[in-house]
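Each remark here refers to the structure printed beneath this line.
Here is the naming used below: chain letters follow the sequence lines, and residue numbers restart at 1 for every chain.
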There are 2 protein chains.
Amino acid sequence: MTTIRDVAKHAGVSVATVSRVLNGNGYVHEDTRSKVEQAIRELNYTPNEVARSLYKRKSKLIGLLLPDIMNPYFPQLARGVEDEMQENDYRLIFGNSDESKKKEMEYIQTFIQNNVVGVISSTNDPEADMYQDLNIPVVFLDRTSNDRPSVYADGREGGRIAAREIVRRGSKAITLMQGPANVRPAQERFEGAAEALAEQGASFQVLKTTSFSLSRAEGFAQEVFRRYPDTDGVIASNDILASAVLKEAHRLGKRVPEDVQIIGFDDILLSSLLYPSLSTIHQPAYEMGREAAKLLIGLIEGERMERSSVEFSVTFIERQTTRKVES
Amino acid sequence: MTTIRDVAKHAGVSVATVSRVLNGNGYVHEDTRSKVEQAIRELNYTPNEVARSLYKRKSKLIGLLLPDIMNPYFPQLARGVEDEMQENDYRLIFGNSDESKKKEMEYIQTFIQNNVVGVISSTNDPEADMYQDLNIPVVFLDRTSNDRPSVYADGREGGRIAAREIVRRGSKAITLMQGPANVRPAQERFEGAAEALAEQGASFQVLKTTSFSLSRAEGFAQEVFRRYPDTDGVIASNDILASAVLKEAHRLGKRVPEDVQIIGFDDILLSSLLYPSLSTIHQPAYEMGREAAKLLIGLIEGERMERSSVEFSVTFIERQTTRKVES
DNA sequence: TTGTAAGCGTTATCAT
DNA sequence: ATGATAACGCTTACAA
């Protein structure tokens, strides 16, 4: 391993000088600079980030905590974060929390131990002590906090839109699937939809679901039609659930969208590939990830941020699981 | 920030003693130990991993390099790696390479700068200098190397199976989609399938594709039926492409599997949610990720590994895009 | 059984 | 404009 001392020796200068050219601060004569730069090139030297991190008490590392990267919605967030960070020379330490507070704490702990300079987290409890006590910037992604920076989509409005669109297209017996109680965005969607449905005087029932996993999804989908056989419209809490419902509708010989309309949430890759393709509420996940990263970087680098949270609006993507209607 | 000195002071011992109880080496009196442990608890101390890493010249960090986490196949690998690492107290620095050598090199570079103790990489060029010159263990995941540890699925055999199954089920004019030329697993699948098709004297044409991205996939799917209108069987190079083909078949009013059979590759979540659900060659991605992590940990911790590479076998998942046949 | 001190590779302060 | 050197928080000889 080649160190700054090797470079100094090779260039015939002190380590201090090498450090100066490396960091571009302090005075250094042009000739000296080029000698040093040449030595760096010849020895193929790159500074040890760990030593830097130790001295400065800050690294170029960011902690990223997501519930489950296997859930198709999160890779887009992750990639958005990663791309923005990469472009700004930050690296990611990544963990899955499974929506579990314990795992979250363990990760936050190790983030700190590794001198990360900021964290991005999709937590259900942004007010938890572990975040309040953190003395580095945190940005909540896909989650809302009242008093801390967050980047999220307007789930409540998404729910309202879904409700309006399905009613407008003629569903009379709507089943509204309510996502896991502890997952905040899922609850907001639900509340928005329930509100709007009620406002419009639509008749609907609620089916509680407790998980977004595929295996469970199929069970919930069956339950929809078993418990509410006359259902002619389903608002699912995400696209996975919606897909499962669509599949179940097929299995039961129901025509979509003629007999049953279905609206999902998220607009993951899958949705456009289904047949019929899934009408859904789109969230700009990749962009949200990027924005969270931007925000965090701003916070880290001490810029005064004009806004500390950003809410993305969602849009209805009309595909084939809803009926056509005059606009 | 509380350091080992604070703990030492609080417990009335030297830092060396604290270090000893922390690491469980050297002699330390039982009474002293409990004093120290109490101090640790009272101060809520956790050791600074950066300082450790600097001194020992090794961290508890692993570099994970994947082509693109938004491609639905990779999250499963990533999660497998993560779970195994997490259980063994290793953390992941994660990056996307987009199959680009330049990005790969940049990441490997920063991995080294951060003292990672091992790397897991899905590269198309395991023999590249950047890997050969690395003096920490590397495991190639989803990719093969002759002389270095790797964890991969038997893509060639997968291609053969796909070919046999589709022929056996009666397709006579098969279009074989060849994945991006620089992506090794894609080429192996292709070669396996082409071989087996030839052996069986089946008639087939090849359509080259250059990307796995969704937007491109739809174009390639259209090309299949435009260029080879009499196609009655498609072997796609992955499930995304297969889904696009399925969708296009729908659009053209072709019945699946009666008019066209389709076989995909990977068995991602999506596949079982499609309608008809997609017959595909399953790779145990999550398990592969775990296995790669296990292997790497063994290498890092200096165990003599009984086998340094593991090949997973693939299986045909018969769903609804292929016809039923007597077994 | 415990403590002192050197050293890991940097950066930054202070001389010169 | 450059060089010595202390310091960052830890581990580990070595001494006591």
Worksheet entry | Nearest-Å distance for atom pair CG/P, residues Leu54(B) and dT12(D) | 13 Å
Worksheet entry | Greater than 12 external heavy atoms within 6.0 Å of Lys58(A)'s NZ | no
Worksheet item: Which whole-number value in Å describes the distance from Ile40(A) CD1 to dT10(C) C1'?
Response: 13 Å
Worksheet item: Glu49(A) CD to dT10(C) C1': how many Å, rounded?
Response: 10 Å
Worksheet item: Expressed in angstrom and rounded to an integer, what is the separation of Glu30(B) atom CD from dT1(C) atom P?
Response: 10 Å
Worksheet, complete the sentence: Winner on side-chain proximity to Val28(B), out of dT1(C), dG9(D), dT2(C), is dT2(C)
Practice prompt. Determine the contact category for Thr32(A): base if any of its heavy atoms lies under 4.0 Å from a base atom, sugar-phosphate if only primed atoms, P, OP1 or OP2 are that close, otherwise nothing.
Written response: sugar-phosphate
Worksheet item: Does the pair Arg79(B) and Asp83(B) meet the rule for a salt bridge (Lys or Arg N to Asp or Glu O under 4.0 Å), with working shown?
Response: CA-CA 6 Å; Arg79(B) 184 72 210 245; Asp83(B) 285 355; 2.9 Å; yes
Worksheet item: Below 4.0 angstrom from OP1 or OP2 of dT11(C), is there any side-chain N or O of Asn23(A)?
Response: yes
Practice prompt. Answer yes or no: does a side-chain N or O of Tyr55(B) lie under 4.0 Å from OP1 or OP2 of dT10(C)?
Written response: no
Worksheet item: Once you round it to whole Å, what is the distance between P of dG9(C) and NZ of Lys60(A)?
Response: 22 Å
Worksheet item: Does Asn23(A) reach the main-chain N or O of Asn25(A) with its side chain, forming a donor-acceptor pair under 3.5 Å?
Response: no
Discussion item. So, taking the atom named CG in Asp98(B) and the one named CD in Glu104(B), what distance separates them when rounded to the nearest 0.5 Å?
Written reply: 10.5 Å
Worksheet item: Which whole-number value in Å describes the distance from Lys56(A) NZ to dT11(C) C1'?
Response: 7 Å
Response to the item:
The residue, Val50(B) or Asn25(B), whose nearest nucleotide of DNA chain D is more 5′ is Val50(B)
Discussion item. Name the residue from Leu61(B), Ile297(B), Leu64(B) that meets the side-chain contact (heavy atoms from CB on, under 4.5 Å) definition with Met85(B).
Written reply: Ile297(B)
Fill in: Main-chain N/O of Pro47(A) paired with Gln113(B) side-chain donor or acceptor, under 3.5 Å
yes
Discussion item. Among residues 4-22 of chain A, which ones have heavy-atom contacts with DNA chain C below 4.0 Å?
Written reply: Ile4(A), Ala16(A), Ser19(A), Arg20(A)
Worksheet item: Where the side chain of His29(A) is concerned, which of dG9(C), dT2(D), dC10(D) is the nearest nucleotide?
Response: dT2(D)
Worksheet item: Rounded to the Å, how far apart are Arg57(B) CZ and dT11(D) C1'?
Response: 12 Å
Worksheet entry | Spacing of Asn115(A) atom CG relative to dG9(D) atom P, expressed in whole Å | 9 Å
Worksheet item: According to the ring pair (Phe, Tyr, Trp, His ring centres under 6.0 Å) rule, which pairs have a member within residues 111-147 of chain A, sequence neighbours left out?
Response: Tyr107(A)-Phe111(A), Tyr131(A)-Phe140(A)
Item to complete: Tell me which nucleotide among dT10(C), dC10(D), dG9(D) gets nearest to the side chain of Arg52(B).
Response: dC10(D)
